[in-house]
Amino acid sequence: METWPIYRVMGPDANDEDRVPDPVKVKIYEDMVLLRTFDEKTITLQRQGRVGTFPPSIGQEASEIASAHALSKEDWLAPSYRDHGALYVHGVPFENVILFAMGKASSISGQVRALPTSIPIATHLPHAVGLAWAARRQGEAVVAMAYFGDGGTSEGDFHEALNFAGVLKAPVIFFCQNNGWAISVPVRWQTASPTLAQKALAYGVHGQRVDGNDALAVYQAVKAARERALAGEGPTLIEALTYRLGPHTTADDPSRYRPLEEWEVWRQRDPLVRLGRYLAERGLLSEAEQAAIQERARAWINRAVEAAEATPPVDPTAMFRYLYAEPPPRLLAQMQALQEEIG
Ligand SMILES: Cc1ncc(C[n+]2csc(CCOP(=O)(O)OP(=O)(O)O)c2C)c(N)n1
Ligand SMILES: [Mg+2]
């Protein structure tokens, strides 16, 4: 019977050594702070009607940020709606993320090697396999990594993607953030499997559980998966155990379904506090330096929001332009009607 230990690098239960270069640790911390600051700011803006519905990743910063730091910029990233942090690390300017949240950008990803954020659950997983396989056929030494949640593992696309990836030995990483909930559905109602990582076994894919609030473990796990993929050893399913401390989106009220005691337990495991403490203890970043990073992040986000608010709104007819090379007459007629209405 295979066991599924939780891979850890930080803390008393660590089962591997810290091999993350010090400057990378500091950069991961800075980016985690930026993401937290951005999420908190955006929730406020949404309450004021200045941005649309928004899915924050508060509590998941270690998974979100450290995973993307383990990739090369040449790798492909296939994000879901919550993964603006990973996109930012991969090279998407934060301004794009803010514009996207304000409905002022038609695509978040721009010129970087990332797919547009996937709102449908898990539909981007087969795409990631395709990207990885295509890259391999073209002789490129890159991987594709798909981000999705615990809920995504119940979708057919997840299973089809793992099956294809296993058979093709595609250089792909399936990065599952198990944040405890799929909106109001807890993981124990999502699956009868004791772990999500073990689902890899059925497809001949390497599976691993990692402490998703341990930034260094996440980084090392993704790095190792990447190296295996590039060595032709096939795909990896990583289950990063983390927790969504905030709402599913700004349209959600978790107090209606989530026990407060559970939230209290996970709040004590805040990945940002944990990494901050680790860096301070090792003399890599003092508390004063951490406070300065926070201050800079706040100022930077405020400036970026101001710039985004000063940006003119996107042409609403843009929504008709990206599905078909040659839009069918019905869509063209709708586009024209809208054009006439807005003048
Ligand atoms: C195919 C599909 N079905 C249903 C939905 C509605 N929906 C949006 S988010 C969500 C829950 C997803 O949970 P999980 O995969 O755990 O990701 P998380 O939101 O926790 O990051 C659902 C059911 C959707 N977007 N796409
Ligand atoms: Mg979830």
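Note that ligands are numbered from 1 as they come in the structure, with each ligand's atoms numbered from 1 the same way.
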Fill in: Residue pair His159 / Tyr203, side-chain donor-acceptor N/O under 3.5 Å
yes
Item to complete: Tell me, please, which residues at least two apart from Thr44 pass side-chain contact (heavy atoms from CB on, under 4.5 Å).
Response: Gln48
Practice prompt. Tell me yes or no: between the side chains of Gln198 and Thr195, is some donor less than 3.5 Å from an acceptor?
Written response: yes
Could you check ligand 1 for N or O atoms lying under 3.5 Å from protein N or O atoms and list the pairs with distances?
residue	atom	partner	partner atom	Å
ligand 1	15 (O)	Gly151	N	3.1
ligand 1	15 (O)	Gly152	N	3.0
ligand 1	16 (O)	Asp150	N	3.3
ligand 1	16 (O)	Asp150	OD1	3.1
ligand 1	16 (O)	Asp150	OD2	3.2
ligand 1	16 (O)	Gly151	N	2.8
ligand 1	16 (O)	Trp181	O	3.3
ligand 1	17 (O)	Tyr81	OH	3.3
ligand 1	19 (O)	Tyr81	OH	2.6
ligand 1	19 (O)	Arg82	NH2	2.8
ligand 1	19 (O)	His248	ND1	3.3
ligand 1	20 (O)	Asn179	OD1	3.1
ligand 1	20 (O)	Asn179	ND2	2.9
ligand 1	20 (O)	Trp181	O	2.9
ligand 1	21 (O)	Arg82	NE	3.0
ligand 1	25 (N)	Ile119	O	3.1
ligand 1	26 (N)	Ile121	N	3.1

Worksheet item: Does His84 have any ring pair (Phe, Tyr, Trp, His ring centres under 6.0 Å) partners at least two apart in sequence or in another chain, and if so, which?
Response: Phe38, Phe54
Discussion item. With side chain to side chain donor-acceptor pair (under 3.5 Å) as the test, pick out the partner of Arg8 among Asn213, Asp214, Asp211.
Written reply: Asp211
Worksheet entry | CA sep, side-chain torsions, deciding dist, call: Asn179, Thr242, side chain to side chain donor-acceptor pair (under 3.5 Å) | CA-CA 5 Å; Asn179 64 2; Thr242 180; over 6 Å; no
Discussion item. Using the ring centroid of each side chain, check whether Trp181 and Tyr257 are separated by less than 6.0 Å.
Written reply: yes
Discussion item. Is it the case that the side chains of Thr53 and Thr249 hold a donor-acceptor pair, with the cut-off being a distance below 3.5 Å and no angle test?
Written reply: no
Fill in: Total protein N, O or S atoms, the Mg ion (ligand 2), separation less than 2.8 Å
3
Discussion item. Please tell me whether Thr42 and Asp39 have a donor and an acceptor in their side chains that are separated by less than 3.5 angstrom.
Written reply: no
